[in-house]
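FYI, side chains are in, hydrogens and waters are out, and symmetry mates aren't considered; it's all heavy atoms of this structure. Note that the coordinates shown come from a computational prediction; the quantities given were computed from them, not determined experimentally. Naming convention: chains lettered A, B, ... in sequence-line order (proteins, then strands); numbering from 1 in each chain.
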Amino acid sequence: MGITKLADLIRGDAPGSITYKEIGDYTGKIIALDTSIIVNQFRSAVPNLTLSLLGVFYRTLTFLEHDIKPVFVFDGDPPEQKRAVLEKRAQSAGWSSSQRSHTVSSKTREVLRLLQLLGVPCVQAPGDAEAFCAQLVRSGAVDAVASEDMDTLAFGGTVLLRQLNAKRVSEVTEYSLPKLLEILQLTQKEFVDLCILLGCDYCDKIAGLGPSRALKLIQQHRTIEDVMLNINRKTHPVPVGWQYQAARRLFLDSPGSEPPPLQWSEPNEKELVNFLCQEKHLREEKVTKDGDGGVRQNLSPQEEGERGEKKGRRQTDESGRILSCDTEKTVCRSRRIHRQKATED
DNA sequence: ACTCTGCCTCAAGACGTT
DNA sequence: TTGAGGCAGAGT
DNA sequence: AACGTCC
């Protein structure tokens with residue numbers, strides 16, 4: 001997944017486009033997240049499915065504690081080009097793709113439920129979640145995209161955050177696409193061609209061309225077409241039926257769907273506890289606070305995305321738009337957090 | 001000399017206690 | 001499972 | 001920092 005070796009290339013050839021931050025630097029910001037990446041992270045880290053739900057729960061709380069407004073983006077139908085990769089992946093995992101999609105959807109339903117109860121907006125991407133995240137940050141609907149893979153930059157996402165959940169300071173890395181393009185002296189179009197040469201999810205690459213040569217070739221010849229005219233076709237054969245043009249369109253064309261209204265509301269503590277403890281049989285002390293702590297300032301529902309949509313503590317739309325729940329209660333753990341901060345200070 | 005590839009290994013979440 | 005880092009070897 | 005637990 002992602003663009004092969006792009007992170008290395010940036011670190012080596014355009015370190016000026018990277019800044020090192022910490023999570024507290026994003027207080028007040030709206031941040032889009034690729035939900036499937038998050039879920040997969042937890043799924044590979046802990047074998048148990050319920051525990052990965054708990055991971056999503058904790059991580060979301062961490063955002064809220066820092067007064068960060070998360071937007072969870074869910075994958076839509078994968079584009080045609082990606083199907084080959086998905087098939088291959090599912091096959092090597094020994095799963096049929098229909099099996100896979102069913103399990104995923106039941107899993108994502110639970111994640112969706114949890115996130116709704118937490119009062120954070122969940123949106124369905126028209127296609128690839130990464131692509132939609134990129135569009136959201138490009139249009140200004142969100143301030144940044146937090147993801148572990150580099151696709152976002154190829155899709156034109158202007159601000160990418162990696163390791164946002166890092167515990168230690170200065171471990172969050174922020175990539176600036178405008179700075180990157182300026183340093184590399186590339187246009188977005190040229191950068192997309194570079195990413196295709198590096199290797200992406202949507203088509204093959206030219207064997208024998210790695211990061212170093214790919215960058216030099218693109219900087220010199222500007223397009224894949226011109227690169228192909230200037231390399232040794234014998235030593236670097238172009239893949240037969242190479243679908244690079246389709247991949248290019250995928251990266252450059254906007255998904256098209258308008259940014260939906262984003263709305264945050266207070267967590268529905270009662271249902272949250274019910275869901276996690278009753279349905280999922282988690283220990284209550286892992287989920288709830290003990291007393292009735294002060295309401296947290298960060299969850300003020302009257303603030304919203306600058307891009308529009310005023311109030312409305314309405315909820316709903318079952319077809320995957322925004323759902324929100326309203327409660328007056330504060331979220332678990334907040335009390336403990338407050339105590340910790342008090343003792344630290 | 002430099003670049004790319006393949007093969008290897010490892011670790012991957014978040015929390016609390018010590 | 002995947003990705004990232006280290007090291008071998010073959011290619012340019 | 002290292003370790004054990006979460007279910």
Side-chain angles (χ1 to χ4, degrees), chain A residues 1-13 23 33-66 82 85-95 97 99-100 103-104 107 110-111 114 118 130 146-151 162-168 171 173 197-201 204-218 230-237 275-290 331-337 339-340 343:
Chain A
M1 245 198 166
I3 311 295
T4 312
K5 294 288 181 184
L6 179 56
D8 286 328
L9 186 146
I10 295 174
R11 214 182 306 133
D13 294 76
I23 191 168
L33 304 118
D34 182 335
T35 310
S36 64
I37 300 260
I38 308 257
V39 172
N40 283 336
Q41 264 181 338
F42 284 106
R43 224 179 66 78
S44 55
V46 288
N48 188 300
L49 181 56
T50 305
L51 289 182
S52 61
L53 258 191
L54 193 58
V56 174
F57 175 68
Y58 282 140
R59 188 175 287 189
T60 307
L61 282 186
T62 303
F63 291 145
L64 298 179
E65 281 156 16
H66 286 275
K82 200 169 185 175
V85 183
L86 292 178
E87 279 291 335
K88 201 186 302 176
R89 217 179 284 161
Q91 191 176 351
S92 68
W95 275 342
S97 49
Q99 239 174 343
R100 185 189 138 278
T103 10
V104 163
K107 235 170 264 177
E110 300 197 325
V111 173
L114 174 64
L118 280 163
E130 286 288 336
S147 174
E148 289 316 306
D149 79 47
M150 299 268 125
D151 278 0
R162 290 180 102 196
Q163 297 295 120
L164 180 57
N165 46 294
K167 301 168 200 274
R168 292 181 310 192
E171 274 196 345
T173 56
L197 288 180
L198 291 177
C200 66
D201 281 351
D204 288 326
K205 68 188 289 297
I206 298 177
L209 280 190
S212 192
R213 282 170 190 165
L215 176 59
K216 288 194 187 90
L217 286 167
I218 286 292
N230 288 278
I231 54 174
N232 186 337
R233 297 286 204 111
K234 301 286 173 79
T235 58
H236 300 293
F275 176 56
L276 290 175
C277 300
Q278 255 64 51
E279 281 187 49
K280 296 294 155 194
H281 311 295
L282 286 160
R283 302 246 159 247
E284 191 158 342
E285 55 266 29
K286 286 197 159 310
V287 175
T288 56
K289 67 182 192 307
D290 27 28
V331 109
C332 51
R333 211 170 67 151
S334 66
R335 190 107 187 269
R336 270 182 287 165
I337 295 291
R339 282 206 209 109
Q340 275 181 5
T343 49

[N] [atom2] sits how many Å from [X] [atom1], rounded?
X: A:Gln41; N: C:dT1; atom1: CD; atom2: C1'; value: 14 Å
X: A:Asn165; N: B:dA12; atom1: CG; atom2: P; value: 12 Å
X: A:Leu198; N: B:dT3; atom1: CG; atom2: C1'; value: 14 Å
X: A:Glu171; N: B:dG13; atom1: CD; atom2: P; value: 12 Å
X: A:Asn40; N: B:dA12; atom1: CG; atom2: P; value: 17 Å

For [N] versus [M], give the span between their [atom1] atoms, rounded off to a whole number of Å.
N: C:dA8; M: B:dT9; atom1: C1'; answer: 14 Å
N: D:dC7; M: B:dT18; atom1: C1'; answer: 23 Å
N: D:dC3; M: B:dA12; atom1: P; answer: 13 Å
N: B:dC7; M: D:dC6; atom1: C1'; answer: 36 Å
N: C:dT2; M: B:dG16; atom1: P; answer: 33 Å
N: C:dA10; M: B:dG6; atom1: P; answer: 14 Å

Requested in this report: Decide yes or no on side chain to side chain contact (heavy atoms under 4.5 Å, CB included) for A:Phe275 and A:Leu53, but give the supporting numbers first.
Outcome: CA-CA 11 Å; A:Phe275 176 56; A:Leu53 258 191; 4.2 Å; yes
*Sequence neighbours left out, what passes side-chain contact (heavy atoms from CB on, under 4.5 Å) with A:Asn230? Give chain and number order.*
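Testing A:Asn230 for side-chain contact (heavy atoms from CB on, under 4.5 Å), a comparison that skips the adjacent residues, returns A:His221.
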A:Thr50: side-chain contact (heavy atoms from CB on, under 4.5 Å) partners, not counting sequence neighbours
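Expected list: A:Asn48, A:Lys280, A:Leu282.
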Apply side chain to side chain donor-acceptor pair (under 3.5 Å) to A:Arg233 and list each qualifying residue two or more places apart in sequence or on a separate chain.
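Once residues adjacent in sequence are excluded, A:Arg233 has no partner under the side chain to side chain donor-acceptor pair (under 3.5 Å) criterion.
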Check your understanding: How do A:Leu51 and A:Arg168 order along DNA chain D: which one's closest nucleotide is nearer the 5' end?
Key ->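 Its nearest nucleotide lies further toward 5', so the answer is A:Arg168.
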Output one line per pair: protein atom, nucleotide atom from nucleotides 9-12 of chain C, and distance, for all N/O pairs under 3.5 Å.
none

Any idea which of [options] is nearest the [X] side chain?
X: A:Val46; options: B:dG13, C:dG5, B:dT3; answer: B:dG13
X: A:Arg59; options: B:dT3, C:dG5, B:dA14; answer: B:dA14
X: A:Lys205; options: B:dT5, C:dA4, B:dC15; answer: B:dT5

Looking at A:Lys205, I want to see if its NZ is surrounded by more than 12 non-hydrogen atoms of other residues, nucleotides or ligands under 6.0 Å.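 Yes, because the 6.0 Å sphere around NZ of A:Lys205 holds more than 12 heavy atoms from other groups.
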Exercise. Within the pair A:Arg162 and C:dG3, is there a side-chain N or O less than 4.0 Å away from OP1 or OP2?
Worked result: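 The answer is no; no side-chain N or O of A:Arg162 sits under 4.0 Å from OP1 or OP2.
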Legend entry - Phosphate contact (C:dT1 OP1 or OP2) by A:Ser44 side-chain N/O below 4.0 Å: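 Answer no for this pair, as no side-chain N or O of A:Ser44 is under 4.0 Å from OP1 or OP2.
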Its dot-bracket string being built from Watson-Crick and G-U pairs below 3.5 Å, with | for another strand and [ ] for crossing, DNA chain B has the pattern ||||.|||||||||||||
Walking along DNA chain D from 5' to 3', note the first and the last nucleotide with an atom under 4.0 Å from a heavy atom of chain A, and give both.
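Using the under 4.0 Å cut-off, the span is D:dC6 to D:dC7.
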Just by distance, do the side chain of A:Glu148 and the backbone of A:Gln163 share a donor-acceptor pair under 3.5 Å?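 Checking the backbone N and O of A:Gln163 against the side chain of A:Glu148, a donor-acceptor pair under 3.5 Å is found.
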